[in-house]
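Here the structure is laid out as structure tokens; the discussion comes afterwards.
Side-chain atoms are counted along with the backbone in the values below, which use heavy atoms only and exclude waters and symmetry mates. In what follows, chains are A, B, ... by sequence order, proteins preceding strands, each numbered from 1. Everything numeric here is computed off the predicted structure, so don't read it as measured data.
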Amino acid sequence: MSDETTNPLRDAIRQAIDENAVILFMKGTPEQPMCGFSARTAGALQTLDTPFAAVDILPDPRIRQELSALSNWPTIPQLFVNGELVGGADIVAEMYESGELAQLLGAEQPGEAPTEAPAAAPREGAPLPVENRLGS
Amino acid sequence: MATNEELKERIEAGIPGATAEVSGDGHHFEAVVAATQFTGLSRIAQHRLVYDVFGDELGGRIHALSLQTKVQ
């Protein structure tokens with residue numbers, strides 16, 4: 001986009017994906033999702049009690065542009081596990097329901113299958129503000 | 001405004017031999033797509049084949065496309 005030599009934002013996104021075993025790019029935050037698809041995807045992770053990093057893509061439209069260019073995936077949310085794109089809301093929901101997501105994450109599938117976690121579900125992974133790395 | 005019929009036709013044209021069932025309200029759509037081309041592909045790759053039909057229109061003219069893919 002800007003030039004071929006450096007793309008700090010794309011590098012920051014790639015680094016965030018590399019450094020976080022489970023990272024969700026979403027609209028809003030897990031506590032305050034701004035889109036139903038993002039809410040459901042974050043909710044599935046919370047229900048499995050999996051620590052995950054979350055990046056809100058809304059503050060800067062370039063985050064979404066660069067993320068989609070990097071992942072070759074057009075929509076938000078996007079879940080990455082161990083550096084690999086797992087999918088968006090539909091795939092994560094399918095994998096949650098089948099138990100594949102719990103298996104992938106090494107989590108325990110809950111007996112019941114609520115689609116949304118309680119809002120107060122504690123998380124260990126702090127949200128990762130990628131946008132804050134854009135300051136320089 | 002995009003229509004269910006348009007999306008169905010474009011998916012079926014873009015992935016020859018595929019069958020698509022599309023429902024939606026003109027902005028948010030749900031599609032169930034069955035295609036032999038999905039054989040052996042990961043879910044990610046299957047969804048990408050369908051997304052590729054619409055390119056930049058996703059998130060824009062087509063606000064959301066919820067997908068379920070099946071091997072035909």
Side-chain angles (χ1 to χ4, degrees), chain A residues 1 17 22-28 33-41 43-44 56-58 60-105 115, chain B residues 1-15 18-72:
Chain A
M1 188 178 64
I17 293 169
V22 184
I23 182 167
L24 177 67
F25 293 86
M26 63 184 292
K27 294 182 180 174
M34 301 299 283
C35 163
F37 298 101
S38 288
R40 279 200 293 280
T41 307
D56 181 1
I57 61 112
L58 289 176
D60 186 335
R62 291 176 304 164
I63 299 174
R64 178 178 181 162
Q65 271 175 27
E66 293 300 328
L67 174 64
S68 287
L70 192 66
S71 62
N72 187 27
W73 192 259
T75 53
I76 302 294
Q78 297 185 22
L79 175 67
F80 291 79
V81 175
N82 297 327
E84 296 278 331
L85 177 64
V86 172
D90 298 327
I91 290 178
V92 171
E94 253 183 78
M95 291 179 70
Y96 174 77
E97 280 159 26
S98 69
E100 284 169 85
L101 187 64
Q103 198 178 5
L104 176 68
L105 297 170
T115 49
Chain B
M1 193 166 91
T3 63
N4 298 341
E5 194 56 30
E6 179 203 330
L7 265 67
K8 174 182 165 66
E9 283 172 10
R10 288 179 61 189
I11 292 169
E12 292 179 351
I15 307 173
T19 56
E21 292 167 33
V22 180
S23 59
D25 61 7
H27 302 285
H28 300 79
F29 296 91
E30 291 182 14
V32 180
V33 183
T36 52
Q37 287 90 334
F38 294 153
T39 309
L41 299 182
S42 66
R43 282 196 187 87
I44 293 273
Q46 294 175 359
H47 284 222
R48 273 195 185 121
L49 276 183
V50 181
Y51 284 150
D52 284 349
V53 172
F54 300 104
D56 290 345
E57 290 170 78
L58 287 175
R61 183 167 168 263
I62 300 167
H63 179 76
L65 175 60
S66 182
L67 269 185
Q68 194 187 340
T69 50
K70 296 174 178 175
V71 175
Q72 200 170 44

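For A/Gln78, no part lies under 4.5 angstrom from a heavy atom of chain B.
Across A/Ile76, A/Asn72, A/Val86, the residue that shares the most heavy-atom pairs under 4.5 angstrom with chain B is A/Asn72. For the set B/Leu67, B/Leu65, B/Asp52, the count of heavy-atom pairs under 4.5 angstrom toward chain A peaks at B/Leu67.
Crowding of A/Glu84 atom CD: a count of heavy atoms from other residues, nucleotides or ligands under 6.0 Å not exceeding 12. Heavy atoms from other residues, nucleotides or ligands lying under 6.0 Å from CD of A/Gln103 number 12 at most. Within a 6.0 Å radius of CG in B/Asp56, no more than 12 heavy atoms belonging to other residues, nucleotides or ligands are found.
Of all residues spanning residues 28-47 of chain B, those with a heavy atom less than 4.5 Å away from chain A's heavy atoms are B/Arg43, B/Ile44, B/His47, arranged by number.
Checked against salt bridge (Lys or Arg N to Asp or Glu O under 4.0 Å), B/Glu12 has the following partners two or more places apart in sequence or in another chain: B/Lys8.
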